[in-house]
Amino acid sequence: LNIGKHPDMVVYQENPLNLGASPELVRQSFITPEVHFFVRNHGTVPQVNIYNYRLSVTGMVRSPLKLSLPELQSEFPPSTVIATLQCAGHRRNELAAIRPIPGELPWSANAIGNALWRGVPLRDVLKVAGIEAGAQHIAFTGLDEIDKDTESFGFGGSIPLEKALESEVLLAYEMNGEPLPRLHGFPLRIVVPGYIGARSVKWLANINVQEQPSTNYFQQKAYRLFPPHVQAEEADWEQGTMLADLPLNSVICQPREGEILRAGPTAINGYAITGKGSLVERVELSLDEGVTWKEASIQPRSHSWAWRFWKATLDLHPGQYQIIIRTWDSSGHTQPVDTKQIWNWKGYLNHAWHRVSVSVH
Ligand code: MTE
């Protein structure tokens, strides 16, 4: 796979291409370099000819638009955001260990990355198009091809108009100071900070302003959340909750699951993240099933839409340990204790306490 990714990336699938990083690579730098950035594809990776490329803005607008990339870049002032993208399937492997989740990729805590995105605020483009009264959702469609049953269609999804009008939502043409790489959506993707990664549609071809959420399979069927008692066979798709904001979550990157350590002061690290509004305030570690907790030190808060790295030192004596992490946000929310409480048949949004077992000699 000569695709410009680090050799230690975990390949879940080659066609469509899906890969994540090892925990060390995920936590290596605050801004994830492209070579360590996870790739989540449902279909083909289009090769877009930039000379023919046009973004269309259609639907409930006064003036529909058709913009080339140079037009978008020259007619609208650029803006940047540092934002963490996280897939809804992040940490699915822990849910699948409780009850199988057939047909979905067993992502560990590695469907995540943080980048500096540069582009045009979506709201500036919507303003020029002129939103008509009654519009409530902004739908996106990509240029990739996904084969499902007998149909072939582009990946799509939508966000509520209210979110679309926030300044952080960008039509991004650069990632980490370089033109958007092909695997990450060249020439243009939407970046919706705080939302599940699925809403950040790559190879963006069309923006449609509409009354209802997108009718695309990935908005109407996939990426809905069900309670633990609902099984695949009996699920009524319409009854699931359409996913939007990411939940509060935290992960231990070091040490790794199953690692054998030497007794003494042991460095522990990882990251914490929240979706919207309330911010990560506190990160805690427990070695006794959550009876007592030790506070970790968190990297200063620098960017509202980015993860926060944390670290701690634990003095470990010889023995077996399960290290548990949890985080709290500024509204006093914390994470669910047990993955069983939040198991769902599609395996989305696992944000239960993250646990790593190690033995110390
Ligand atoms: N956009 C298109 N066109 N096709 C896709 O398959 N996958 C989505 C989203 N945008 C996808 C897409 C999902 S599920 C995620 S998590 C993110 O892209 C992943 O972005 P990345 O591959 O740049 O990490």
Side-chain angles (χ1 to χ4, degrees), residues 3-6 9-13 15-21 25-26 31-48 53 55 83-92 104-105 107-117 119 139-148 152-159 169-176 178-207 214 216-219 221-224 242-246 273 275 307 346-350:
I3 48 166
K5 293 287 171 181
H6 192 281
M9 298 293 280
V10 184
V11 180
Y12 289 100
Q13 208 175 19
N15 194 14
L17 184 65
N18 281 286
L19 41 94
L25 291 182
V26 168
I31 297 284
T32 312
E34 180 199 338
V35 289
H36 299 171
F37 209 97
F38 80 107
V39 173
R40 197 328 173 206
N41 289 337
H42 287 273
T44 57
V45 176
Q47 175 93 60
V48 178
Y53 173 79
L55 169 71
T84 304
L85 274 196
Q86 189 209 289
C87 187
H90 184 64
R91 298 182 59 195
R92 179 181 287 127
E104 298 289 341
L105 300 173
W107 295 99
S108 63
N110 62 356
I112 192 164
N114 185 46
L116 166 66
W117 309 96
F140 311 109
T141 312
L143 289 166
D144 47 349
E145 283 170 25
I146 292 151
D147 293 320
K148 228 170 192 75
S152 177
F153 55 93
F155 182 91
S158 60
I159 59 173
V169 180
L170 292 191
L171 291 161
Y173 45 74
E174 276 181 24
M175 176 181 180
N176 297 343
E178 300 286 339
L180 203 60
R182 186 175 163 207
L183 285 176
H184 298 288
F186 177 84
L188 192 71
R189 82 181 298 169
I190 188 85
V191 170
V192 186
Y195 270 36
I196 60 164
R199 306 305 177 223
S200 291
V201 175
K202 303 191 273 190
W203 312 291
L204 186 65
N206 175 254
I207 299 173
S214 167
N216 191 280
Y217 174 86
F218 295 96
Q219 184 78 35
K221 298 210 153 156
Y223 298 108
R224 287 192 187 237
M242 277 182 184
L243 298 178
D245 307 301
L246 288 169
I273 180 173
W307 56 12
K346 291 284 279 177
Y348 296 135
L349 299 189
N350 179 12

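Order of appearance sets the numbers: ligands from 1, and atoms from 1 within every ligand.
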For the atom pair CZ (Phe155) and OG (Ser214), what is the distance rounded to the nearest 0.5 Å?
-> 9.0 Å
Would you please classify the geometry between the Trp107 ring and the Phe38 ring as parallel, tilted or perpendicular, with 30° and 60° separating the classes?
-> perpendicular
Looking only at heavy atoms, what is the nearest atom pair of Leu143 and Ala205, with distance?
-> CD2-CB, 3.5 Å
Number the atoms of ligand 1 from 1 as they appear, then name those within less than 4.0 Å of a heavy atom of Ser200, with their elements.
-> 9 (C), 10 (N), 18 (O)
Check ligand 1 against Cys87 and write out every atom of the ligand that is under 4.0 Å from a heavy-atom position of the residue.
-> 16 (S)
Atom 22 (O) of ligand 1: the protein heavy-atom neighbour that sits closest, reported with distance to 0.1 Å = Lys202 NZ, 2.5 Å
Considering only protein heavy atoms, which is closest to atom 6 (O) of ligand 1, and at what distance to one decimal place?
-> His42 N, 2.8 Å
Taking N or O atoms only and a 3.5 Å limit, does Gln86 qualify as a polar contact for ligand 1?
-> no
Among all protein heavy atoms, pick out the one at the shortest distance from atom 13 (C) of ligand 1; state its residue, atom name and that distance to 0.1 Å.
-> Ala198 CA, 3.6 Å
Going through the distances and angles, do Asp144 and His42 end up as a side chain to side chain contact (heavy atoms under 4.5 Å, CB included)?
-> CA-CA 9 Å; Asp144 47 349; His42 287 273; 5.6 Å; no
Backbone N or O of Arg182 within a donor-acceptor pair of the Trp203 side chain at under 3.5 Å?
-> yes
Asn176 and side-chain contact (heavy atoms from CB on, under 4.5 Å): which partner among Leu116, Asn114, Thr32?
-> Leu116
Which atoms of ligand 1 are found less than 4.0 Å from any heavy atom of Phe38?
-> 16 (S), 19 (C), 21 (P), 22 (O), 24 (O)
Among Leu183, Ile3, Asn110, whose side-chain contact (heavy atoms from CB on, under 4.5 Å) with Leu19 holds?
-> Ile3
Should the ring pair Phe37 and Trp117 be called parallel, tilted or perpendicular, given that the plane angle runs from 0 to 90° and is split at 30 and 60?
-> perpendicular
Side chain, backbone, both or neither: the part of Phe37 lying under 4.0 Å from ligand 1 by heavy atom = side chain
Short list, please: which atoms of ligand 1 are under 4.0 Å from a heavy atom of Asn41?
-> 6 (O)
Judged by heavy atoms only, the candidate from Trp107, Tyr223, Phe155, Trp203 nearest atom 8 (C) of ligand 1 is Phe155
Considering only protein heavy atoms, which is closest to atom 20 (O) of ligand 1, and at what distance to one decimal place?
-> Arg189 NH2, 3.1 Å
Considering only non-hydrogen protein atoms, determine which one is nearest to atom 17 (C) of ligand 1 and report residue, atom name and distance to 0.1 Å.
-> Gly197 O, 3.5 Å
Can you tell which of Met175, His90, Arg40 gets a heavy atom nearest to atom 7 (N) of ligand 1?
-> Arg40
Is there a donor-acceptor contact under 3.5 Å from the side chain of Asp147 to the main chain of Glu145?
-> no
Do the rings of His36 and His6 sit parallel, tilted or perpendicular, given the 30° and 60° boundaries?
-> perpendicular
The closest protein heavy-atom partner of atom 4 (N) of ligand 1 is Asp144 OD2, 2.6 Å
For Val39, the atoms of ligand 1 under 4.0 Å from one of its heavy atoms are 22 (O)
